[in-house]
Amino acid sequence: MLKPPWLRVKAPQRARIGEVADLLLDLKLNTVCQEASCPNIGECFAAGTATFLIMGPGCTRACPYCDIDFDKSVRQLDPSEPERLGEAVARMGLGHVVITSVNRDDLADGGASQFVACIEQVRRRSPFTTIELLIPDFCGNWNALAAVMQAAPEVLNHNIETVPRLYKQARPQANYARSLELLQRVRSGWPRSYTKSGLMVGLGESNAEVVEVMADLRQHKVDIVTIGQYLSPGPKHLAVDRFVTPEQFELFRRQGEAELGFLQVVSSPLTRSSYHAGEVQRLMREHPR
């Protein structure tokens, strides 16, 4: 299926990308921008931002839409990773940082302790940087979730990814109700944090199903939603079922903000869960907690 013209991405600014890539290589850090073949890597690297991928690059789940390598082996955490991440945030001068991870179902706490250590290192070196975490579901380990939230990230993101009808196909090791429960637990237990979730379209869902997921997320007190076009990483991954038009993405945005009451819906063909994440600082000023 040929990509429509609205999915064409401008050529990245190679010089700035090189600076960020060299820093990441120097500190031996992974980014989801690189590992997941994000189409916005040029824009984000050129702006000096990146979404750090910890505990990777191998993931213990093999979701067929994702380009991150599968590795189900038991691996020890790298105790130096949080310090290296903190140094990268300081050297890049980031005002807002996004930290995510692969799924680490081989660990008893799913890697919660590593998230906490990363928060501590960022706060030590860059005390005015706001922190957004994009976490896995920790297999429903709510003690692990509590440990992460007690470290007080400003934003807690957990992606719902797709509509419940397609979970068996796209997220066979995940659970739709469990993801909703995670988001609601965060909002109820730590009300000062902003909650966020995201989903892909183009996997075979209908527009009505997308709106139903948005309604479920809002019912579970989610503040921010991102919606973007699914792009298949390769022939071994799920195929694209349809390309959603920019007009429909704008309709999702209006429905989410005007009708459902989200603080923000970022909805466009190239939107990804961390795209323009720094805008959350504006939301925090407009809707303080």
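Remember, it's a predicted structure, so these values are computed and weren't measured experimentally.
- For S73, the side-chain contact (heavy atoms from CB on, under 4.5 Å) partners two or more places apart in sequence, or in a different chain, are D71, R75.
- Residues passing the side-chain contact (heavy atoms from CB on, under 4.5 Å) test with Q219 are D216, sequence neighbours excluded.
- Judged by distance alone, the side chain of S232 and the main-chain N or O of G234 form a donor-acceptor pair under 3.5 Å.
- With sequence neighbours excluded, the residues that form a side-chain contact (heavy atoms from CB on, under 4.5 Å) with E154 are R123, T130, I131, M284.
- With hydrogens and angles disregarded, a donor-acceptor distance shorter than 3.5 Å links the side chain of T60 to the backbone of N103.
- For R253, the salt bridge (charged side-chain N to carboxylate O under 4.0 Å, His left out) test picks out E250, E257, with sequence neighbours left out.
- Summarising the local packing, CZ of R192 is surrounded by 12 or fewer heavy atoms from other residues, nucleotides or ligands at distances under 6.0 Å.
- Heavy atoms only, all atoms of each residue included: V201 and F249 are closest at CG2-CZ, 3.4 Å.
- Contacts of E212 classified as side-chain contact (heavy atoms from CB on, under 4.5 Å), with partners at least two apart in sequence or in another chain: E209.
- With sequence neighbours excluded, no residue forms a salt bridge (charged side-chain N to carboxylate O under 4.0 Å, His left out) with E120.
- Within 6.0 Å of CD in E286 there are more than 12 heavy atoms belonging to other residues, nucleotides or ligands.
- In terms of modelled atom types and a separation under 3.5 Å, the side chain of Q114 and the main chain of P82 share no donor-acceptor contact.
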